There are 2 protein chains.
Amino acid sequence: MVSSKDVAKIAGVSQSTVSRVLNKPDSVKPKTRNIVLHAMQELSYQPNLIARSLVTNSTNTIALITGTLYNGFYVETTTSIINMATSRGYKTMVYFEEAMPLRDVVDSIRGHKLEGLLMSSIKLDDPIFSEIEKSGIPYMLFNRRPAQGGNYVVLDNILAGEMITRHILDLGHKRIAYISGDIHVSTHHERKIGFERVMKEAGLDVQPGMLQIIDTKPQEIEKTTLKLMHLAERPTAIICGSSAIAFSCMDAILSMGLRIPEDISLAGMDNVSMASHHAIQLTTVGNSKFKMGEIAADNLFEMIEQDGTFNRPRQIVLQPELNIRKTTGHLKKF
Amino acid sequence: MVSSKDVAKIAGVSQSTVSRVLNKPDSVKPKTRNIVLHAMQELSYQPNLIARSLVTNSTNTIALITGTLYNGFYVETTTSIINMATSRGYKTMVYFEEAMPLRDVVDSIRGHKLEGLLMSSIKLDDPIFSEIEKSGIPYMLFNRRPAQGGNYVVLDNILAGEMITRHILDLGHKRIAYISGDIHVSTHHERKIGFERVMKEAGLDVQPGMLQIIDTKPQEIEKTTLKLMHLAERPTAIICGSSAIAFSCMDAILSMGLRIPEDISLAGMDNVSMASHHAIQLTTVGNSKFKMGEIAADNLFEMIEQDGTFNRPRQIVLQPELNIRKTTGHLKKF
DNA sequence: TTGAAAGCGCTAACAA
DNA sequence: TTGTTAGCGCTTTCAA
């Protein structure tokens, strides 16, 4: 391994001059600088960034803990985050939620002196949250938030649930099913609240079996959808707690030979790009004006750069918009 | 920052004993070990992994340079790779192709002593390839390969192009358009060769304008599709060089109010999960039995672990299979 | 079983 | 403008 020492020897200067050429090139005489630069080339020298990090106690690296990329929402956030990090000269270490215990990830982040954490994967009452706060590492949560406090950017999920439910009611539906993901997660928790609130306001009971809280794996979603469709009193509309859920739900419905929205209306939440594909045309509620990943990253870098200064919590709530497409239609009269 | 020195002080032992508790716990007397362990807890000590890396010259981190996640193919590979790395105790630094110059990425990788490189993004004659080989860092390319040599896992893309073209011909089509991505990339280069070869064998000329080589951004694809559909002699079938291209192409066709396959047949390559969605049902050719990302990662870790030993090139070619779904149909007779 | 000491490759303070 | 030196926090001989 060629080190700055080797370069120094070849160039006939001290090792610290080599270091200076790298860090404060103006502080070294042009002639010497050139000699050093040439020596570096000759040896194809590459500074050991680990050693540098040890001294400077900085790594220019952030951590991203993300949900599965099979969910298009996380494709969008992951892409914006990595791109934004790259453009600021930061690298991104990517961890998947549930691939290893959150606590281990946080330890790894602390140990590697990563400079910030972006994470989608917190539960409402996750004990890791207080650990993260305690560790002092700058962080932004996105999509989900903890039960209280914290820095986050989220959708107004209660409102989102209300809006989509109202849309379905406006179409005349009454037997409405709702498929939700894990309720210990703020998105699903709040969206469901919105749904229930509007149903109640409309004087409608959510029939037993019509509210499904499930593991959001495609197979589970399909199983649940089939179960709903085989109910004696089949729903005339299904609202899904996310677009990813809605896609699998749609897949199952179509596989039965049913038509959407003629036989059943379907709506999702989150605005992922595939939702507007002409073969899908999924009615959703979400925010397309602002990219959640970019907002999260932006705020994180601000926090990193203003370093240490007192920070009040950053809590950003985006307003949902309704995107009425082709999967929801008027209830047919018989 | 609490260091092993601090732990040592509290525990009343030397700093090297603290280190031993971490690395060779059996070599330290149980009683001492416990004292040290308690001291660690008390201070919530977290070893500085950067310092460790500096000494051991290892980081347990690999680099992934991937194409855009908006292409479902890279979602699959990225997911398998990160999961496989995690399960082996490695972390993954993710870089996007084209976000920064490849040379800078490679320098970053060398400087950070990352232990291996997985990359999808090489061009046929990319000069970076020889740099990577020269650097001695273990690597596996996937999806694409360089003009010659190298370690890679790819699809038999010529055969893939042949198979899909034959399928279209078998349906009676003669006016067939082909939309390809950058031809300096092995996948697109080879798939197009397969297409042209079969067309020639069938005695069919590829009419001017029917072979489109474009930038694979959704807008470009849509523009190109519209152009094709407005040709005086409109194609009766379109073959796309990837499923990602086919999705955008389908979007454009449907937006014109045309039906697939009644008005035009459409086929893609690569087997991404969305292709089998019932709202899409895209006919493709690809390999679903083996996960390219897993194979790439598997081989990389073998190379990392057998370290230094002579390695003949690893060149793995997967066999394509035809998945006939609902976007291709018989040419209508008039 | 433990401690002392060297050194990984770099940055940065200080002196010249 | 340059060199000398200390030290970042760890692992790893070597001696005791």
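Since the model is a prediction, treat every value here as computed from it, not as a measurement. Because only heavy atoms are used, hydrogens play no part in the values below, and waters and symmetry mates are left out as well, while side chains stay in.
- Regarding contacts with the backbone of C:dG3, a side-chain N or O of B:Thr17 is found under 4.0 angstrom from either OP1 or OP2.
- Rounded to whole Å, atom P of C:dT1 lies 14 Å from atom CD1 of B:Ile35.
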Summarise protein proximity over nucleotides 8-16 of chain D in one line of letters, 5' to 3': B for base, S for sugar-phosphate only, - for none, counting protein heavy atoms closer than 4.0 Å. BBBBB----

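- When all heavy atoms of A:Gly293 and A:Ile81 are compared, the pair lying nearest together is O-CG1, 3.6 Å.
- Remark: of the listed residues B:Ile62, B:Asn60, B:Asn83, B:Asp298, B:Asp298 is the sole one forming a side-chain contact (heavy atoms from CB on, under 4.5 Å) with B:Arg88.
- For the helix from C:dT1-D:dA16 to C:dA16-D:dT1, the axis fitted to the five pairs at one end and the axis fitted to the five pairs at the other end meet at an angle of 40° (nearest 10 degrees).
- Using a 4.0 Å heavy-atom cutoff across all strands shown, A:Thr32 reaches sugar-phosphate atoms only and no base atom.
- Distance, A:Asn57 CG to C:dA12 C1': 14 Å, rounded to whole Å.
- Rounded to the nearest 0.5 Å, atoms CG (B:Asn299) and CE (B:Met140) are 4.0 Å apart.
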Test side-chain hydrogen bond (donor to acceptor under 3.5 Å, both in side chains) on B:Ser108 and B:Tyr95; report intermediate values, then the result. CA-CA 11 Å; B:Ser108 168; B:Tyr95 301 84; 3.1 Å; yes

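- Residue A:Arg20 holds its CZ atom at 6.0 Å from OG of A:Ser14, rounded to the nearest 0.5 Å.
- Put simply, the side chain of A:Val18 reaches to within 4.5 Å of the side chain of A:Val13, judged on heavy atoms.
- Between B:Phe301 and B:Tyr90, the ring planes are tilted. Angles from 30° to 60° get that label.
- Under the side-chain contact (heavy atoms from CB on, under 4.5 Å) rule, A:Leu118 has a single partner from A:Thr92, A:Leu300, A:Thr78, A:Thr77, which is A:Leu300.
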